[in-house]
Amino acid sequence: MPTTVPAHGPDAAARLASMADVTASDAALRRFLHGLPGVDAVGLEARAASLGTRSIKTTAKAYAIDLAISMIDLTTLEGADTPGKVRALSAKGVNPDPTDRTTPRVAAICVYPDMVATAREALGDSGVRVASVATAFPAGRAALPVKLADTADAVAAGADEVDMVIDRGAFLAGRYLKVFDEIKAVKEACRRPDGSSAHLKVIFENGELATYDNIRRASWLGMLAGADFIKTSTGKVAVNATPANTLLMLEAVRDFRATTGVQVGVKPAGGIRTSKDAIKFLVLVNETVGDDWLSNEWFRFGASSLLNDLLMQRQKLSTGRYSGPDYVTVD
């Protein structure tokens with residue numbers, strides 16, 4: 001395997017350029033993506049289910065809960081979001097449990113672009129990142145100049161990370177080069193005047209891609225275009241992150257690194273609400289890609305309610321008593 005470099009590192013572009021022939025035309029890209037091995041759906045779901053039965057207890061469980069907290073993109077993406085709500089969520093992300101200062105901080109606060117400046121001010125130099133959805137989230141139905149302006153506005157306001165949605169209509173119509181070019185253009189819009197860039201997470205909306213083969217193709221397409229993370233879903237449709245579709249994406253980032261030497265992160269989002277759910281996903285990471293992905297630099301949970309359950313489970317491990325939902329804040 002080539003020496004590993006991060007997708008957001010300076011050497012990643014050169015590594016990806018070595019595969020330029022794959023993305024030289026729509027026909028070449030289609031030929032490559034449809035040449036990927038087909039997904040054994042029965043085998044994939046059976047392995048995901050099997051790994052989900054692993055029992056994690058005592059010190060290992062305590063470690064997993066703290067790790068999961070540190071991986072959360074604590075999210076509010078509602079039309080009724082207010083500056084006060086975003087400030088309260090930011091305070092919770094920095095200090096999730098005021099009764100226990102050993103509780104880890106979350107990875108990021110994820111908001112709409114118009115709330116980025118509020119989150120940036122509230123988080124200050126805490127180390128918690130600001131993530132912003134962009135590109136006409138969640139549907140992605142907008143012209144490219146609108147999507148690029150959406151992205152640039154978020155980055156200018158202080159976003160450390162941008163979560164974009166792909167054009168699922170173009171993807172499902174087989175217009176892979178259009179999707180590829182759009183991701184590359186959004187990545188360029190993430191660049192700041194000083195030459196640094198916000199990290200780009202590319203959302204596929206797996207529930208709308210219909211097949212596991214399409215999820216594998218979308219994963220490779222996003223990575224070839226320079227995604228720093230690939231993300232399952234927006235959390236706004238019926239089917240979001242599942243153990244099976246996340247396992248498939250973990251296999252894709254593993255195989256992509258083996259091929260190119262470029263390491264890409266994974267973010268399941270939507271429907272992960274309990275500590276038990278989160279630990280199942282961490283087992284998937286450990287068993288599929290190993291320690292190299294077991295940090296918030298490479299794995300995230302997109303969630304709004306997960307943090308509360310993790311905090312309650314953490315309190316139970318510490319005190320022996322289950323405190324209940326009244327002991328944690330709603331926002």
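For clarity, every value in this text was computed on a predicted model and none was experimentally measured.
Around atom CZ of Arg273, no more than 12 heavy atoms belonging to other residues, nucleotides or ligands sit under 6.0 Å away. Taking a 6.0 Å sphere around CG of Asp194, one finds it holds more than 12 heavy atoms contributed by other residues, nucleotides or ligands. Heavy atoms from other residues, nucleotides or ligands lying under 6.0 Å from CZ of Arg254 number more than 12.
Residues Met71 and Val106 share a hydrophobic cluster, clusters being chains of Ile/Leu/Val/Met/Phe/Trp/Tyr side chains in contact below 4.5 Å. In the hydrophobic clustering of ILVMFWY residues, with side-chain heavy atoms under 4.5 Å counting as a link, Leu247 and Val285 come out together.
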Arg141 and Asp167: salt bridge (charged side-chain N to carboxylate O under 4.0 Å, His left out), yes or no, with the steps? CA-CA 7 Å; Arg141 310 306 302 187; Asp167 184 337; 3.4 Å; yes

Practice task
Evaluate salt bridge (charged side-chain N to carboxylate O under 4.0 Å, His left out) for Asp66 paired with Arg314, printing each intermediate quantity in order.
Solution key: CA-CA 8 Å; Asp66 278 6; Arg314 193 178 193 273; 2.6 Å; yes

Next item on the list: List the steps, then state whether side chain to side chain contact (heavy atoms under 4.5 Å, CB included) holds for Phe299 with Lys267.
Entry: CA-CA 6 Å; Phe299 193 78; Lys267 179 180 173 179; over 6 Å; no

(request) Decide yes or no on salt bridge (charged side-chain N to carboxylate O under 4.0 Å, His left out) for Lys201 and Asp163, but give the supporting numbers first. (result) CA-CA 5 Å; Lys201 307 191 196 89; Asp163 292 33; 3.0 Å; yes

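A donor-acceptor pair under 3.5 Å is formed between the side chain of Thr259 and the backbone N or O of Asp255.
No side-chain heavy atom of Gln313 sits less than 4.5 Å from a side-chain heavy atom of Lys276.
Checked against a 6.0 Å centroid threshold, the rings of Tyr176 and His34 count as neighbours.
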